[in-house]
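Since the structure comes first, as structure tokens, the remarks are kept for the end.
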2 protein chains.
Amino acid sequence: MSGLTAKGAATKARIVRTATDLILERGVGGMTLDEIRAGTATSKGQLFHYFPDGKRDLVAAIAEFQSGRVLEAQRPWLDQLDSWESWYGWRDAVVAHYRTLTHLHCSISALITELTPADPALAATVAAHADRWFDHLAAGVQKMRAQRLIHPEADPERLALMVFTALQGGLLVMQAHNAIEPLEAALDGALLALRSHRI
Amino acid sequence: MSGLTAKGAATKARIVRTATDLILERGVGGMTLDEIRAGTATSKGQLFHYFPDGKRDLVAAIAEFQSGRVLEAQRPWLDQLDSWESWYGWRDAVVAHYRTLTHLHCSISALITELTPADPALAATVAAHADRWFDHLAAGVQKMRAQRLIHPEADPERLALMVFTALQGGLLVMQAHNAIEPLEAALDGALLALRSHRI
DNA sequence: GCTCTTCTGGACTGGCGGGTCCATTTTTTG
DNA sequence: CAAAAAATGGACCCGCCAGTCCAGAAGAGC
């Protein structure tokens, strides 16, 4: 009844994938439905058939998809982060992932920033995905503390926030400079700061 | 001849100031010439009289203005940064400045990121202002090394980049969360990382 | 005063892009 | 196979917004 044929699902997925690449390359403002249409060999009708709320639905789907993809690239390290080795492994995985994508222009935090003034509700939806990322880091710091690898007095939330902001800053400047060094410097700095809380 | 009356200069300045506030609040995409017009009690004619290239000129002027304002808020610390005290003083000055502006949505790096896909040339112009900021940090790190407060083997450019990315990340997440903590955590982390290179 | 320049107001245009609508084709279901 | 549901194509509409144009007001210089 309220179905979605295999064919339909495929089309929907195709749209999301193309739209994701487009939004990463051009930003929210630079992504037009017409380009998506052209890039996927679909029609306006289909776009609104699968994403009734238009651009809003589309952006939400993109955030979900891209969030999953980015998190995936950080596994298995992101789920561990319970030893110094795994933190460094994580760092390397992140750098390796983005090294192949330096021409992209739109990290998740940048997306949120761009969205907030125009559509706070949608921005909040997207922000939930950023929070997932943050939560992994926070869980990691917790584990480190539980294992007495970092000082018990250290505030795990605060430390995770520090790592997260460094990461996002690294991505942002990486995009602005179209170079990987900023990301590397940012992550190295974050881990150095984290290490200075070791016992 | 190629004059600019006192009255004209005042109008131009008024436009820049209002436009700056607008762009910080709504982002580049959300800033319309009509809103600027309304906010400054001017007309389309004047906008294009003072900024012949329209939005491009305007954005460049905004970047210049805002860059000056932000740098100003960090003085005198930003010119020193030659002792640990001055780095912490700088940190506090930055936090204090942005504490009054947490509802703003558009840091300079975010601006660059948003601009790059649409207008790379303009983005480069804006990036020059970000570089000024970075240069101050790099000079500071140099001084610290010259005074043997940090390890001679440390790469000053890299360390400055680390601080800069942390700062930008702090601003970005601050905007996304509309809270000051991310900025504080980011700067504390950066200084901690910097300190771990002390002799 | 006159003239030339700068400043101002606002009507107008043109295109872009999001979103609507419906007719047609394809697939599922029974 | 027939009917219903889902998928597709694309023409159309409409509002928004950057940018144009020009006529007229206000100053500067003489």
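Labels below follow one simple rule: chain letters A, B, ... track the order of the sequence lines, proteins then strands, and each chain is numbered from 1. Quick note: numbers below take in every heavy atom, side chains included, and nothing from hydrogens, waters or symmetry partners.
- Considering only side-chain N and O atoms, B/K7 lies under 4.0 angstrom from the phosphate OP1 or OP2 of D/dG27.
- A salt bridge is absent between B/E72 and B/R69: the closest approach of a Lys/Arg side-chain nitrogen to an acidic carboxylate oxygen does not fall below 4.0 angstrom.
- Evaluation of the side chain to side chain contact (heavy atoms under 4.5 Å, CB included) rule for A/K44 yields A/L33, A/D34, A/R37, A/F48 as partners, not counting sequence neighbours.
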Protein and nucleotides 14-20 of chain D: nitrogen or oxygen contacts under 3.5 angstrom:
unit_1 : atom_1 : unit_2 : atom_2 : d
D/dA18 : OP1    : B/M31  : O      : 3.4
D/dA18 : OP1    : B/K55  : NZ     : 3.2
D/dA18 : OP2    : B/L33  : N      : 2.8
D/dG19 : OP2    : B/K55  : N      : 3.0
D/dG19 : N7     : B/K44  : NZ     : 3.2
D/dG19 : O6     : B/K44  : NZ     : 2.8

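- In this structure, B/H49 atom NE2 and D/dC21 atom P are separated by 16 Å, rounded to whole Å.
- The side chain of B/S43 places no N or O atom within less than 4.0 Å of a non-bridging phosphate oxygen (OP1 or OP2) of C/dT8.
- A/W84 does not carry A/R198 over the face of its six-membered ring by the limits of under 6.0 Å from the centre and within 45° of the normal.
- Residues passing the side-chain hydrogen bond (donor to acceptor under 3.5 Å, both in side chains) test with B/T11, sequence neighbours excluded: none.
- Atom CG in A/L47 sits about 19 Å away from atom P in C/dC22, given to the nearest Å.
- Shown here for A/A19 and A/M31, the closest heavy-atom pair between the two residues is O-SD, 4.0 Å.
- Nearest-nucleotide positions on DNA chain C for B/A6 and B/R37 put B/A6 closer to the 5' end.
- Taking every heavy atom of residues 9-23 of chain A and every atom of DNA chain C, no pair lies under 4.0 Å.
- Contacts classified as salt bridge (charged side-chain N to carboxylate O under 4.0 Å, His left out) and involving residues 156-168 of chain A (residues at least two apart or in different chains) are given here: A/R158-B/E184, A/R158-B/D188.
- Every residue meeting the ring-ring contact (aromatic ring centres under 6.0 Å, His included) condition with B/F134, not counting sequence neighbours, appears here in chain and number order: B/F164.
- No salt bridge links B/R17 with B/D21; every basic N to acidic carboxylate O contact stays at or beyond 4.0 Å.
- Distances shorter than 4.0 Å separate some side-chain N or O of A/Q46 from OP1 or OP2 on D/dT8.
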